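To start, the structure itself, in structure tokens.
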Amino acid sequence: MAEVVLINANTTKPAVAPLGLEYIAEACQDQDIEVEVIDLCFAEDLAGIVSERLSVADPKLVGVSLRNTDDSYMLSAHSFIPGLAKLIRSIRDTVATPIVLGGAGFSVAPTAIMKRVGADYGVVGDGEQALPLLVDALQSRIEFCDVPGLLWHTDDEIRSNRPAWPDISGKPGLRRDSVDTHRYFQRGGQLGLETKRGCNRRCIYCADPLSKGHRLRLREPAAVADEITNLLDQDCNVYHLCDSEFNVPEAHARAVCEELIRRRLNRRIRWYAYLSPHPFSEELADLMQQAGCAGIDFGADSGNDEMLHRLGRAFSHEDIGEAVRICRDRNIPVMLDLLIGAPGETQQTASETISVAKSASPSCVGISLGVRIYAGTKLVQMLADDGPLDDNPAIWGPTTANEQLLDPVFYLSPELGSPQQATSLISEMIGGDQRFFFGGTGDDSDYSYDDNQVLVEAITSGARGAYWDILRRLRLGS
């Protein structure tokens, strides 16, 4: 019998290995807590698997990991919460064990999710420290108030503790043996890993600080290299860094690259990363390329400096062009991620953004239309200052009976019209340029990774790499 059962609830394809769940499983094992993982990603009969495995395990605690609340695309607005609620009911039908929720998705709307799906507990932020402590609390060895990030029911309310955001500089490299890692590599085309947690940027829309903290917490480069070595031992050699922005701070990015080169791992791996267009130097680009970097996704957002300022971004359109030039000169594939429709967006600023992207000449460009609104972000505060969301013509999605904006709600500047009008407008601006992928449209220009069958088939046929790079190669043949 397992003391704790951890369930990966993410079933979208291509398959994404549950990195946070793996960290928690190893943390429990390191404290002599017997753990069993139920991975639903590849299961056909979810309820059947849950019933069968839980009946045998008879755990004292069941933990469920939620990676995302929804797909974050306005045109599709696919919520994952109904599926989570169904899973919780399946668990309840099998065992009377307490259920705790966690994961990056849970952390952005924890109280609303607990109420919606009927969980007993929740953990906001890092779970490696919190979950073993919750086991102690359930056995009355400590108080619930001593568990960082914990949410729990008391009388008619949900109480919550502040997340701890612990230092991870001494954390060793993950063994990566809690799930079938090689199967994820074969079915997902890449594996995620992190060199740090948290984000100290001030983007008005981003939920990363809610789930990972506002303070940068750096891993030792040697621990990152150790984890890569463990993955190579399992014949997995293509990765995507989960850092919000790998080059912030640049000194740490350099140190990671130098460690990979020093240990000659760079000769055996390919990896991709999210970066900010600034700071980004030729020296860092050279180092990343030497260390095995196969592609860079720059979070550019806009090509209009005023819009970048409104979004809380600390760079200019010139920085975007220079970052792409540096990559292009080194034949490093590069993607620009754009976010169109934020407060202040006009047809003119949107047109400037498309023009800047075309002029920079990246390998490809991804466009998200409309801004997903998350409770707790600066964007919500800004909109609240303008009055009730119900009265705001720029809001698309349910605003009543939607605690913590759990159901997908988006902001789209009225200057662009309705979502359908804005879609037509942006498509006209793109003008058939095949380098552009338009997220959430559901057509052949789509780069949504939520059950993307084009990607699934390509990966099954042997494609490996970042999903944007696989789609780029499929379309452009380069």
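Please read all numbers here as calculations on a predicted model, not as lab measurements. We're numbering straight along the sequence, starting at 1.
In this structure Asp208 satisfies the salt bridge (charged side-chain N to carboxylate O under 4.0 Å, His left out) test with no other residue, sequence neighbours excluded. Residues meeting the salt bridge (charged side-chain N to carboxylate O under 4.0 Å, His left out) test with Arg187, sequence neighbours left out: none.
Within a 6.0 Å sphere centred on OH of Tyr205, heavy atoms belonging to other residues, nucleotides or ligands number more than 12. Counting heavy atoms of neighbouring residues, nucleotides and ligands inside a 6.0 Å radius, atom CZ of Arg215 exceeds 12 of them. For Glu428, the CD atom counts as loosely surrounded, since its 6.0 Å shell holds 12 or fewer non-hydrogen atoms of other residues, nucleotides or ligands. More than 12 heavy atoms of other residues, nucleotides or ligands lie within 6.0 Å of CZ in Arg183, so this atom counts as buried by the packing criterion.
Under a 3.5 Å cut-off, the side chain of Lys212 and the backbone N or O of Asp126 do not form any donor-acceptor pair.
For Arg116 and Phe106, the positive end is not near the middle of the six-membered ring at less than 6.0 Å and at most 45° from its axis. For the pair Arg475 and Phe437, the cation-pi criterion (under 6.0 Å, within 45° of the ring axis) is fulfilled. A cation-pi arrangement is absent between Arg176 and Tyr184, since the terminal nitrogen or guanidinium carbon is not both under 6.0 Å from the aromatic centre and inside a 45° cone about the axis.
The structure places CZ of Phe298 at 10.5 Å from CG of Asp319, a figure rounded to the nearest 0.5 Å. A distance of 5.5 Å separates CE in Met288 from CZ in Phe246, rounded to the nearest 0.5 Å.
Remark: the His78 side chain and the Asp450 side chain contain an N/O donor-acceptor pair separated by less than 3.5 Å. Counted by atom type alone, Ser65 and Asn8 present zero donor-acceptor pairs between their side chains at under 3.5 Å. Glu26 and Ser178 form no side-chain donor-acceptor contact under 3.5 Å, judged by distance and modelled atom types alone. A donor and an acceptor atom, one from each side chain of Asp451 and Thr12, are nowhere located under 3.5 Å apart. A donor-acceptor pair shorter than 3.5 Å cannot be found between the side chains of Gln453 and Glu457.
No salt bridge links Arg262 with Glu258; every basic N to acidic carboxylate O contact stays at or beyond 4.0 Å. Of the charged side-chain nitrogens involved, at least one lies within less than 4.0 Å of a carboxylate oxygen, so that Arg325 and Glu282 count as a salt-bridged pair.
Among pairs with a residue in residues 365-413, none fulfils ring pair (Phe, Tyr, Trp, His ring centres under 6.0 Å), at least two apart in sequence or across chains.
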(message) Does Arg219 form a salt bridge (Lys or Arg N to Asp or Glu O under 4.0 Å) with Glu194? I'd like the steps, not just the answer.
(response) CA-CA 8 Å; Arg219 293 183 69 193; Glu194 60 183 11; 5.2 Å; no
(message) salt bridge (Lys or Arg N to Asp or Glu O under 4.0 Å) for Asp243 and Arg197? Distances and angles first, verdict last.
(response) CA-CA 7 Å; Asp243 305 9; Arg197 295 181 191 170; over 6 Å; no
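Two rings, from Tyr274 and His240, have their centers less than 6.0 Å apart.
The shortest non-hydrogen separation linking Ser169 to Glu220 is O-CG, 2.8 Å.
Counting heavy atoms from C-beta outward, Glu345 and Ile340 have side chains that approach closer than 4.5 Å.
Ring geometry for Tyr272 against Trp468 counts as perpendicular: the plane angle is over 60°, on a 0 to 90° scale with 30° as the lower cut.
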